[in-house]
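So the structure is just underneath, and the comments pick up after that.
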Amino acid sequence: MPRVAYVNGRYLPLRDAAVNVEDRGYQFADGVYEVCEVKGGRLIDERRHMARLDRSLAQLRIRAPMTRTALGVVMRETVRLSRIDEGIIYLQVTRGVARRDHGFPSAEVAPSVVVTAHAIDPARRAKRAEEGVAVITLPDNRWDRVDIKTVALLPNVLARQAAIDAGAYEAWFVDDDGFVTEGSATNAWIVTGEGTLVTRAADRGILRGISRGVVMEAGAAQRVRFEERRFSVAEALAAREAFLTAATALVLPVVTIDGNRLGDGKPGPVTRALRGQYYDHAETAPIRSSPEDGTK
Ligand code: PDD
């Protein structure tokens, strides 16, 4: 079986999977999404991702397409049919299909659900973590509700491409006061000269990353001093270490910012330790969910 996509109730070979041209996700970016890591064929941190999905849906007044348990079954089945061992699962829910009109469609219009999965080469990811990555900085030109994980990602797309064009892995957005908000698809962290772990508070200026929460727990378990506050680009440049977090990257060391080397230009010990202990704090879901597993 080739890679499989779930589209509104059906599992289809990816090449045959399609949504209606009047889907509001396609026409208005009127939808939300989640990206969850798959490791050893299992979903990582499913419960936390589903909780964030529920919040995103509620914030945009999109109704939940099915129960969390049913969504869990769909995600697992997509992973299984696509034979993904190491990779990610992508889940998108939009406000559904209706004649193009900016206002919400009638309440009978069902939300659309698409789930896809793809493999990530663990060796490539490990090499990146071993070497560290480069980031560039750019003005944050996004709307003020980036705490909602919407599919409206044009500024993020342009920022990531600017990074790629500059030979970097990620772009860090910087607010009007010169403080780093987050990356185009990752949260941003530094370790100060005193060894304090710093990341921006998850107010409306950033997405509350699930891996961000896992790293906060890992840091607390290692008794690393921690401050949830803003940091400037200048502070990041003077930091001992910096790194990124996301379901797609886990904990990825940053070794240059705008072409300036951080410290000795190598991934630092705090970042390595947090990466090393990541799975002690992430939740690994069972391969099969049962309706009695406590999720609703
Ligand atoms: N992005 N900030 C932004 C803007 C993101 O898009 C993401 C995730 C994160 C990290 O969140 P988490 O730790 O829950 O993955 C932070 C996903 C991976 C993506 O768009 O592909």
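These numbers come from a predicted model, not from an experiment. For ligands, and for the atoms within them, numbers begin at 1 and follow the listed sequence.
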Which protein residues come within less than 4.0 angstrom of ligand 1, counting heavy atoms only? Tyr33, Val35, His49, Arg52, Lys149, Asn156, Glu182, Gly183, Ser184, Ala185, Thr186, Asn187, Leu207, Gly209, Ile210, Ser211, Thr245, Ala246, Ala247, Thr248

Donor-acceptor contacts under 3.5 Å from residues 206-215 side chains, at least two apart:
{"residue": "Arg208", "atom": "NH2", "partner": "Ala202", "partner atom": "O", "Å": "3.4"}
{"residue": "Ser211", "atom": "OG", "partner": "Ala246", "partner atom": "N", "Å": "3.3"}
{"residue": "Ser211", "atom": "OG", "partner": "Ala247", "partner atom": "N", "Å": "3.3"}
{"residue": "Arg212", "atom": "NH2", "partner": "Arg200", "partner atom": "O", "Å": "2.9"}
{"residue": "Arg212", "atom": "NH2", "partner": "Glu228", "partner atom": "OE2", "Å": "2.5"}

Enumerate the side-chain hydrogen bond (donor to acceptor under 3.5 Å, both in side chains) contacts for residues 253-266, please, sequence neighbours excluded, ordered by first and then second residue. Thr137-Asp258

Over 12 foreign heavy atoms within 6.0 Å of CD, Glu130: no

Just verifying a value: how many Å separate Leu57 CG and Glu34 CD, rounded to the nearest 0.5 Å? 9.0 Å

Side-chain contact, heavy-atom cut-off 4.5 Å: Met75 with Met50? yes

Tell me, please, which residues at least two apart from Arg63 pass salt bridge (charged side-chain N to carboxylate O under 4.0 Å, His left out). none

